[in-house]
Novice: 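What follows is a structure written as structure tokens; I'll ask about it next.
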Protein chains: 2
Amino acid sequence: MNTDSLLNYISKYIDLTEEEQAILLSKIKYRKYQKGQYILQQGDVCKISCFILKGCAKSYHIDKEGQEHIINFCIEDWWASDLGSLISQDPSDFNIQCIETTEVLQFTYNDQESLVNEIPKMERLFRKMLERALVSSQKRIVRNFSLTAKERYLYFKEQNPSIDQRVPQYMIASYLGMTKEFLSKIKSQLILDQ
Amino acid sequence: MNTDSLLNYISKYIDLTEEEQAILLSKIKYRKYQKGQYILQQGDVCKISCFILKGCAKSYHIDKEGQEHIINFCIEDWWASDLGSLISQDPSDFNIQCIETTEVLQFTYNDQESLVNEIPKMERLFRKMLERALVSSQKRIVRNFSLTAKERYLYFKEQNPSIDQRVPQYMIASYLGMTKEFLSKIKSQLILDQ
DNA sequence: AAATGATGTTAAACTAGATTAACATTTTAC
DNA sequence: GTAAAATGTTAATCTAGTTTAACATCATTT
């Protein structure tokens with residue numbers, strides 16, 4: 001179990017002693033998912049947070065018309081979870097499905113809460129992570145309202161060149177809130193523009 | 001300075017001793033804004049968080065076409081701030097303007113950070129607040145993608161009947177990501193439907 | 001009570017993006 | 001290496017929501 005990238009990630013926010021690191025790691029479980037497998041299925045209660053070591057997953061919602069809406073791509077050094085379901089323990093509205101073979105370090109919400117009690121400064125880590133996630137979520141709402149489909153794609157591509165390469169185009173269209181046909185049109189226009 | 005509603009709000013998340021409450025209150029400043037006044041202006045660095053005691057403010061972004069996009073309505077027992085600017089100390093992309101005479105309890109980010117150091121369990125409060133805010137922000141993104149304009153309005157009205165009454169209709173349209181003319185059309189259709 | 005500004009309505013013309021459907025290309029599995 | 005599945009493209013048609021513009025109503029000030 002390679003825990004370096006998790007410890008490295010955490011060290012950007014807080015300093016942990018060797019003992020604290022040991023406590024943290026004692027709560028963690030390594031798991032490997034094959035492409036296509038679900039980390040979470042809509043309707044199930046979310047029990048875990050996953051730190052992605054390697055691979056890629058999509059978290060998405062299926063609406064009442066059966067349409068898939070991608071909320072996030074989860075890649076290396078990101079977290080995959082449904083926070084809403086995790087804290088309420090209500091059934092989730094989201095699926096999290098691996099679109100590549102994906103290796104994660106996971107811990108349960110209970111372990112996360114007891115971790116916070118044993119190592120109070122972990123609270124600060126989670127607070128800082130949540131701050132950043134909230135800011136980026138709010139900014140996304142603004143972009144969805146104020147940018148055209150083309151502008152949204154260009155922004156996405158600029159901010160996430162690696163995801164743009166890595167993920168099928170129809171999923172990017174879903175993430176950006178447009179149809180795959182329209183994104184295809186946008187891309188062919190962009191080539192003509194050059 | 002009436003601090004009951006703030007203390008009551010906090011008590012839903014954590015228990016503070018009398019001394020801790022005193023420390024908290026020592027960092028807080030009461031302020032009254034008149035209708036039309038700005039708590040924050042786009043381009044300024046956000047220095048404070050405001051807990052709303054009474055009144056209502058809108059936080060909004062003005063895009064490059066000059067269009068206003070309302071991010072949130074801030075009413076009693078909510079917070080008004082631009083977290084992104086507050087944590088980065090970069091110029092804000094948002095305005096927060098009072099649409100009623102508004103009374104707030106405010107504290108600076110520095111005071112908030114030192115508060116967290118003096119009373120570590122405040123970290124938990126902020127974490128829990130952020131968790132809820134992030135969940136609701138993510139759910140809003142999903143709604144914006146998966147619901148029609150009419151459905152978004154009906155959901156808003158159901159969840160926020162008091163804001164629907166209290167705030168001019170054209171601002172609600174902006175918050176919901178549609179034009180005021182289209183919201184007007186939706187509402188007249190809804191009356192016919194009955 | 002008249003005037004001004006803010007808010008809300010209606011309707012016609014328009015458009016960004018969706019839908020449908022047929023086809024092309026790439027990847028995967030056997 | 002070929003069939004099947006997954007992904008991407010193109011184009012015609014359609015529609016949810018925007019734009020524009022004129023008018024109506026309500027609230028506030030003098």
Side-chain angles (χ1 to χ4, degrees), chain A residues 34-37 55-58 60 62-70 73 97-101 143-157 163-194, chain B residues 34-37 56-58 60 63-70 73 97-101 143-157 163-194:
Chain A
Q34 294 305 317
K35 182 175 172 173
Q37 280 194 299
C56 183
K58 58 176 177 175
Y60 62 98
I62 296 197
D63 71 20
K64 56 187 192 314
E65 261 88 45
Q67 274 219 292
E68 175 174 320
H69 301 278
I70 294 184
F73 296 110
Q97 188 184 20
C98 297
I99 57 183
E100 300 174 5
T101 301
R143 286 196 305 275
N144 288 344
F145 280 154
S146 59
L147 301 184
T148 64
K150 187 177 181 176
E151 290 168 330
R152 268 179 280 143
Y153 172 64
L154 286 173
Y155 181 85
F156 173 80
K157 192 179 159 173
I163 300 179
D164 186 51
Q165 301 291 356
R166 188 172 182 176
V167 164
Q169 192 169 307
Y170 72 92
M171 290 187 194
I172 292 171
S174 170
Y175 174 80
L176 293 172
M178 65 188 80
T179 59
K180 57 187 166 42
E181 291 86 357
F182 198 63
L183 179 54
S184 177
K185 200 170 174 179
I186 285 170
K187 289 185 106 174
S188 66
Q189 274 171 17
L190 286 174
I191 291 165
L192 292 178
D193 286 356
Q194 288 168 4
Chain B
Q34 295 305 319
K35 180 175 174 175
Q37 280 195 299
C56 183
K58 58 177 177 176
Y60 62 99
D63 70 20
K64 57 188 191 311
E65 261 88 45
Q67 275 218 292
E68 175 175 321
H69 301 279
I70 294 184
F73 296 110
Q97 187 184 19
C98 298
I99 56 182
E100 299 175 4
T101 301
R143 287 196 304 274
N144 289 343
F145 280 155
S146 59
L147 302 184
T148 64
K150 186 177 182 176
E151 289 167 333
R152 269 178 279 141
Y153 172 63
L154 287 172
Y155 181 85
F156 173 80
K157 191 180 159 171
I163 299 180
D164 186 51
Q165 301 290 359
R166 188 171 181 176
V167 164
Q169 193 169 307
Y170 73 92
M171 292 187 193
I172 292 171
S174 170
Y175 173 81
L176 293 173
M178 65 189 79
T179 58
K180 57 188 166 45
E181 292 84 357
F182 197 63
L183 179 55
S184 177
K185 199 170 174 179
I186 286 169
K187 289 186 104 173
S188 66
Q189 273 171 17
L190 286 173
I191 291 165
L192 292 178
D193 285 356
Q194 287 168 3

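Order of the sequence lines fixes the chain letters, A, B, ..., with proteins taken first and strands second; residue numbering starts at 1 for each chain. In this text, all values refer to a predicted model and were calculated from it rather than measured experimentally.
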Novice: Strictly under 4.0 angstrom, non-hydrogen atoms only: write out the protein contact profile of nucleotides 7-20 of chain D, one letter per nucleotide from the 5' end, B, S or -.
Specialist: SSBB------BBBB
Novice: Tell me the interatomic distance from A:Gln97, atom CD, to D:dA6, atom C1', rounded to whole angstroms.
Specialist: 13 Å
Novice: Give the rounded distance in Å between these two atoms: CG of A:Asn144 and C1' of C:dG17.
Specialist: 14 Å
Novice: Donor-acceptor pair, B:Gln97 side chain versus B:Gly36 backbone, under 3.5 Å?
Specialist: yes
Novice: How many whole angstroms separate atom CG of B:Asp164 from atom P of C:dG8?
Specialist: 11 Å
Novice: Mind calculating the distance between OH (A:Tyr153) and C1' (C:dA16) to the nearest angstrom?
Specialist: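 Checked: the OH to C1' distance equals 19 Å.
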Novice: Are side-chain heavy atoms of B:Asn144 and A:Phe145 found at a separation under 4.5 Å?
Specialist: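 Counting from C-beta outward, B:Asn144 and A:Phe145 do come under 4.5 Å.
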Novice: In a table with atom names and distances, give each donor-acceptor pair under 3.5 Å that connects a side chain of residues 163-172 of chain A to protein atoms at least two apart or in another chain.
Specialist:
unit_1: A:Asp164; atom_1: OD1; unit_2: A:Tyr153; atom_2: OH; d: 3.2
unit_1: A:Asp164; atom_1: OD2; unit_2: A:Tyr153; atom_2: OH; d: 3.3
unit_1: A:Arg166; atom_1: NE; unit_2: A:Glu100; atom_2: OE1; d: 3.4
unit_1: A:Arg166; atom_1: NE; unit_2: A:Glu100; atom_2: OE2; d: 2.7
unit_1: A:Arg166; atom_1: NH1; unit_2: A:Glu76; atom_2: OE1; d: 2.9
unit_1: A:Arg166; atom_1: NH2; unit_2: A:Gly55; atom_2: O; d: 3.1
unit_1: A:Arg166; atom_1: NH2; unit_2: A:Glu76; atom_2: OE1; d: 3.3
unit_1: A:Arg166; atom_1: NH2; unit_2: A:Glu76; atom_2: OE2; d: 2.9
unit_1: A:Arg166; atom_1: NH2; unit_2: A:Glu100; atom_2: OE1; d: 3.0
unit_1: A:Gln169; atom_1: OE1; unit_2: A:Lys187; atom_2: NZ; d: 3.3

Novice: Going through the distances and angles, do A:Met178 and A:Lys185 end up as a side-chain contact (heavy atoms from CB on, under 4.5 Å)?
Specialist: CA-CA 11 Å; A:Met178 65 188 80; A:Lys185 200 170 174 179; over 6 Å; no
Novice: Do the rings of A:Phe156 and A:Phe73 sit parallel, tilted or perpendicular, given the 30° and 60° boundaries?
Specialist: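 A:Phe156 vs A:Phe73 ring planes: tilted.
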Novice: Picking from A:Leu147, A:Leu183, A:Ile186, what satisfies side-chain contact (heavy atoms from CB on, under 4.5 Å) with A:Arg152?
Specialist: A:Leu147
